Amino acid sequence: MKVIVTDNFEASCRIAAEQIASVIRSKPDARLGLATGSTAQGVYPYLVAANRAGELDFSRVSTINLDEYVGLAPDHPQSYRRFMDEHLFDRINIDKANTIVAKGTGDIEANVKSFREALAAKPIDVQLLGIGVDGHVGFNEPGEVLYDGAHVEELDESTIDANARFFATRSEVPTKAISMGMGDILRAKKLILLATGESKAAAMRGLLLNEELDVQNPATLVKTHPDATVIIDCALAEKIGYQE
Ligand code: F6R
C-alpha cells in the first residue's frame with residue numbers, strides 16, 4: 001500500500017484526480033468506480049476542469065458507483081445518482097448511458113441483482129474510496145462478517161449521524177443502502193482511498209498503523225490490495241501519529 005501525505009485536502013484531491021486522469025489517458029474506455037460524499041466531492045472539480053480544458057476525454061469512459069441509499073428515488077436531492085449528475089456527469093462529456101448507480105427505489109432485490117450483473121460485466125480499472133468514521137468503505141459497515149458481493153447494508157448509527165448533515169432532520173436519513181461488497185471493491189485493479197478530518201482518525205489508525213485486518217474496521221482490508229494508494233493530508237497524519 002502506498003501512502004501519500006499532502007499539505008492539505010485540496011492537494012489530496014488534486015493528486016487523486018491526477019491519478020484517475022492518468023488511468024483514463026492510458027485507457028480511454030476505462031471503467032471508473034466512483035464514490036459520493038464530501039471527500040469525493042473535492043476530487044470531481046479537478047476532473048471537470050481537465051475535461052473543460054480539453055485535457056481529458058470521457059466520451060468512452062464508463063462508471064459504476066459504490067452505493068445508493070435505499071428509499072431515495074434517483075431524482076431525490078440527496079440520492080447518490082443526483083450527487084453524481086450534479087458534481088460530475090452533467091459537467092463532462094460522458095455518455096450518461098454509461099454511468100451506473102444502483103437504483104434505491106422499486107424492487108430492491110431486483111436492483112441488487114442488476115447491480116451485481118453490472119459489476120460482473122466489466123472490471124473496474126480504478127476505484128475511488130472515502131472512509132466512514134467507523135471504517136466503512138462503500139457502505140460495508142463493521143460487523144461479524146463482511147460481504148463479497150453487492151448487497152443491502154443496514155447503516156450504522158454513526159453513519160446515519162454523519163450523514164444527517166445532508167438532510168433536514170436525522171429521521172430523514174435512510175437506514176439502508178445498496179452497496180458494492182468488499183470483494184467487489186478489492187477486485188478493482190487500482191484503489192485510491194482519500195481521507196481528511198479528525199473524525200476519520202480512529203479508522204485511519206487501523207489502516208495505517210498496524211498490520212491487522214479487522215472486520216470491525218472494513219477499510220483495513222485495503223491493505224491486502226496489490227495497487228492501493230492512500231492519500232491523507234498532514235493534519236490527519238499528525239493527528240494519528242503517522243510518519244512517512
Ligand atoms: C459514499 C461512500 C462512503 C463515503 C464515506 C465518507 O459513496 O461509499 O463510504 O465515502 O461515508 O463520506 P464523507 O466523504 O462524506 O466523509
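Values in this document were obtained by computation on a predicted structure and should not be read as measured data.
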Classify the side-chain pair Thr175/Glu154 by whether it contains a donor and acceptor separated by less than 3.5 Å.
-> no
Should we count CD of Glu212 as having more than 12 external heavy atoms under 6.0 Å?
-> no
Salt bridge between Glu117 and Lys113, side-chain N to carboxylate O under 4.0 Å?
-> yes
Is it true that atom CD of Glu109 has more than 12 heavy atoms of other residues, nucleotides or ligands lying nearer than 6.0 Å?
-> no
Just checking, any donor-acceptor pair under 3.5 angstrom between side chains of Ser179 and His151?
-> no
Is the closest side-chain donor-acceptor distance between Asp233 and Thr196 under 3.5 Å?
-> yes
NZ (Lys96) with more than 12 external heavy atoms under 6.0 Å = yes
Does one hydrophobic cluster hold both Met1 and Leu128, with members joined at side-chain heavy-atom distances below 4.5 Å?
-> no
How are the rings of His136 and Phe139 set relative to one another: parallel (under 30°), tilted (30 to 60°) or perpendicular (over 60°)?
-> perpendicular
Exceeds 12 heavy-atom contacts within 6.0 angstrom, atom NZ of Lys176 = no
Check whether Ile24 and Leu194 end up in the same hydrophobic cluster, where Ile, Leu, Val, Met, Phe, Trp and Tyr are linked by side-chain heavy atoms less than 4.5 Å apart.
-> yes
Check whether the side chains of Ser158 and Asp156 place a donor and an acceptor atom closer than 3.5 Å, and report yes or no.
-> no
Given side chains that start at C-beta, do those of Val23 and Arg25 come closer than 4.5 Å, heavy atoms only?
-> no
Donor on one side chain, acceptor on other, Tyr44 and Glu86, under 3.5 Å = no
